[in-house]
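The structure under discussion appears below in the form of structure tokens.
Numbers restart at 1 for each chain; the letters A, B, ... are given by sequence-line order, proteins then strands. All figures in this text were calculated on a predicted structure; none of them were measured in a lab.
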Amino acid sequence: AQTVTQSQPEMSVQEAETVTLSCTYDTSENNYYLFWYKQPPSRQMILVIRQEAYKQQNATENRFSVNFQKAAKSFSLKISDSQLGDTAMYFCAFMKHVMRGGSEKLVFGKGTKLTVNP
Amino acid sequence: DTGVSQNPRHKITKRGQNVTFRCDPISEHNRLYWYRQTLGQGPEFLTYFQNEAQLEKSRLLSDRFSAERPKGSFSTLEIQRTEQGDSAMYLCASSLPQGGRETQYFGPGTRLLVL
């Protein structure tokens, strides 16, 4: 079974600064995907960024980038130029690659509560 | 279509009562997932549908839980004889297979409180 660990329950950052959220995972799979989801207070979860395990290049989406270290099973999220709207719970998630028709369920970590201070 | 919707958004019930939640996925999505999220935890997988077929159920889904997706569109999750431990946020997500580029889109959730 896969497990996802987020070791930082809470973090805070000043507006416009950079923050890095940590995530490690455990799996025996070779083909899989990793995700960061954002859950703002009282709002629904949205995808921030995804990474395919077979890609060596780290994914980037505007101010969000990841540091994917496959051998170390580490997948951290860097948020640059933090904005007040980035305040949310951030969840790291794992999904193994399955054959057609199989469940591509997500396995989530416990989350990191990020607060961006003005 | 603006996304995945769930109803009700909040439900308070007494222990022992039955409750039913509804999820309407994004219209062209043929995959639908239910997750449960308790305080301080990430969401945990409950069950998965492809079209109307329920293809996987978690061990978390006791025999008091049943889910359906009768026409491959909306889905319902029913909890019979609710217990206080069932108090949680129930999340629904839908997706469309895209050759490994699948993204699950989540609804706002139904928050259940069992008294």
*Is it true that a side-chain atom of A:Thr24 and a backbone atom of A:Lys73 form a donor plus acceptor pair closer than 3.5 Å?*
no
*asked:* Looking only at heavy atoms and a cut-off of under 4.5 Å, which of B:Gln37, B:Glu44, B:Met89, B:Arg9 has the most pairs with chain A?
replied: B:Gln37
*Sequence neighbours excluded, which residues qualify as ring-ring contact (aromatic ring centres under 6.0 Å, His included) partners of B:Phe106?*
A:Tyr37, B:Tyr35
_What I want to check is whether the side chains of B:Gln6 and A:Gln44 have a donor and an acceptor closer together than 3.5 Å._
no
*Identify the residues of residues 106-118 of chain A whose heavy atoms come closer than 4.5 Å to a heavy atom of chain B, ordered by number, or report 'none'.*
A:Leu106, A:Phe108, A:Gly109, A:Lys110
*asked:* Can you list, by chain and residue number, the hydrophobic cluster partners of B:Ile12 when the side-chain cut-off is 4.5 Å?
replied: B:Leu113, B:Leu115
*Partner chain A: residue of B:Ser95, B:Gly40, B:Ala53, B:Pro43 with the largest heavy-atom pair count (under 4.5 Å)*: B:Pro43
_Side chain proximity check, A:Lys70 to A:Tyr32, heavy atoms < 4.5 angstrom_ = yes
*B:Glu56 side chain vs B:Tyr48 backbone, donor-acceptor pair below 3.5 Å*: no
*Indicate, with yes or no, if the rings of A:Tyr25 and A:Phe75 have centres closer together than 6.0 Å.*
no
*Are B:Arg36 and B:Phe65 side-chain neighbours, meaning at least one heavy-atom pair lies under 4.5 Å?*
yes
*Check A:Lys55, A:Lys96, A:His97, A:Gln51 against A:Tyr33 for a side chain to side chain donor-acceptor pair (under 3.5 Å) and give me the one that passes.*
A:His97
*Where does the angle between the aromatic ring planes of B:His29 and B:Tyr105 fall among parallel (under 30°), tilted (30 to 60°) and perpendicular (over 60°)?*
tilted
_Inter-chain contacts: residues 72-80 of chain B against chain A, heavy atoms under 4.5 Å_ = none
*Heavy-atom proximity to chain B below 4.5 Å, by part of A:Gln6*: neither
*For the residue pair A:Lys78 and A:Asn67, establish whether any side-chain heavy-atom pair is separated by less than 4.5 Å.*
no
